[in-house]
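Worksheet for the structure shown next.
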Amino acid sequence: MMSDENGFFEKVYRVTCMIPPGRVSTYGAIARFLGSSRSARMVGWALNNCHSMGEFIPAHRVVNRNGILTGKHHFGTPNAMKQLLENENIKVVDDRVVDFRKLLWDPCREL
DNA sequence: GGTGTGACAATGG
DNA sequence: GCCATTGCCACAC
C-alpha cells in the first residue's frame with residue numbers, strides 16, 4: 001500500500017523525467033542517486049515497466065555507462081530511441097551518444 | 001515465501 | 001586494452 005510512490009520504480013520514473021532535454025543519464029548514476037548504486041539493472045527494468053505507467057517517460061535519455069543505447073530495442077522500434085535523441089539535438093552514431101561524456105547528466109552532481 | 005529475472009556496472013584474466 | 005565472468009538489488013510470478 002502506498003508503496004507506489006515510495007517504490008524504487010516511482011523514483012526512477014521521477015528522476016528520468018527530471019533529465020533536462022539535450023542531456024543523457026546513465027542507469028548507474030540514477031541508481032546511485034536513489035541510494036542503490038548497485039541496482040543499476042533495476043533502473044532499466046523500471047523503465048521497462050514505464051509503458052504501464054500511462055505517462056511518457058524520456059527513457060531514451062537513459063543509456064548505459066558506455067553511452068550506448070542498450071534499450072533501444074525496447075522502444076518498440078530500434079529507430080525510435082535514436083530518433084528521439086536526435087530530436088533533443090543529441091547526436092547518435094552507431095547507437096552511441098556522441099560526446100556522451102559532456103552530455104552526461106548526473107543527478108547527484110547537477111542537483 | 002522462494003525463485004528468477006533484468007534496458008548494468010565493476011572486476012579479473 | 002579488450003573479452004569473459006560475477007555481483008547485485010528490487011520487483012514479478
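Proteins get letters first, then strands, A, B, ... in listed order; numbering begins at 1 in each.
- Heavy-atom distances under 4.0 Å link DNA chain B to A/His74, A/Phe75 of residues 72-108 of chain A, given in residue order.
- Comparing B/dA7, C/dC9, B/dT5 by their closest approach to the side chain of A/Arg38 singles out C/dC9.
- In this structure, the CZ atom of A/Phe8 is 15 Å from the P atom of C/dC8, given to the nearest Å.
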task: Let me see the working for A/Glu86 and A/Lys91 under salt bridge (Lys or Arg N to Asp or Glu O under 4.0 Å), right down to the final yes or no.
output: CA-CA 6 Å; A/Glu86 288 185 340; A/Lys91 309 295 198 301; over 6 Å; no
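- Using a 4.0 Å heavy-atom distance criterion, A/Ala59 is classed as a base contact.
- Between A/Arg65 and B/dA10 there is a side-chain polar atom (N or O) within less than 4.0 angstrom of OP1 or OP2.
- Distance, A/Ile68 CD1 to B/dA9 C1': 13 Å, rounded to whole Å.
- As a whole-Å value, the separation of A/Ile30 CD1 from B/dG6 P is 19 Å.
- Residue A/Asn64 is classed as a sugar-phosphate contact, given heavy-atom separations below 4.0 Å to backbone atoms only.
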Q: Quick one: do A/Lys72 and A/Asp95 satisfy salt bridge (Lys or Arg N to Asp or Glu O under 4.0 Å)? Show the steps, please.
A: CA-CA 8 Å; A/Lys72 67 170 180 182; A/Asp95 298 333; 2.4 Å; yes
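- With distances taken from any side-chain atom of A/Thr70 to the nucleotides B/dA7, B/dG6, C/dC9, the minimum falls on B/dA7.
- Listed for the A/Asp106 side chain is a donor-acceptor partner under 3.5 Å among the backbone atoms of A/Cys108.
- We find that CG of A/Asn6 is positioned 14 Å from C1' of C/dA10, with the value rounded to whole Å.
- The backbone N or O of A/Lys102 lies less than 3.5 Å from no partner atom in the side chain of A/Asp99, so there is not a single donor-acceptor pair.
- In this entry the distance linking CG of A/Asn66 with P of B/dA9 reads 7 Å, nearest Å.
- At least one side-chain nitrogen or oxygen of A/Ser36 sits closer than 4.0 Å to the OP1 or OP2 atom of C/dA10.
- You'll find the side chain of A/Asn64 stays beyond 4.5 Å of the side chain of A/Thr26, heavy atoms only.
- Separating the CZ atom of A/Arg32 from the P atom of C/dC9 is a distance of 16 Å, rounded to the nearest angstrom.
- Proximity of A/Arg41 to A/Tyr27: side-chain heavy atoms (C-beta onward) are nowhere separated by under 4.5 Å.
- Taking atom CE of A/Met42 as the reference point, atom P of B/dG4 lies 16 Å away to the nearest angstrom.
- We find that CG of A/Leu47 is positioned 14 Å from P of C/dC11, with the value rounded to whole Å.
- Considering only the side chain of A/Arg41, B/dC8 comes nearest among B/dC8, B/dA7, B/dT5.
- Proximity note for A/Tyr27 (side chain, C-beta onward) versus C/dA12, C/dC9, B/dA9: the nearest is B/dA9.
- Within the 3.5 Å criterion, the main-chain N or O of A/Glu55 finds no donor-acceptor partner in the side chain of A/Tyr13.
- Nearest nucleotide to the A/Thr26 side chain, out of B/dA9, B/dA7, C/dA12: B/dA9.
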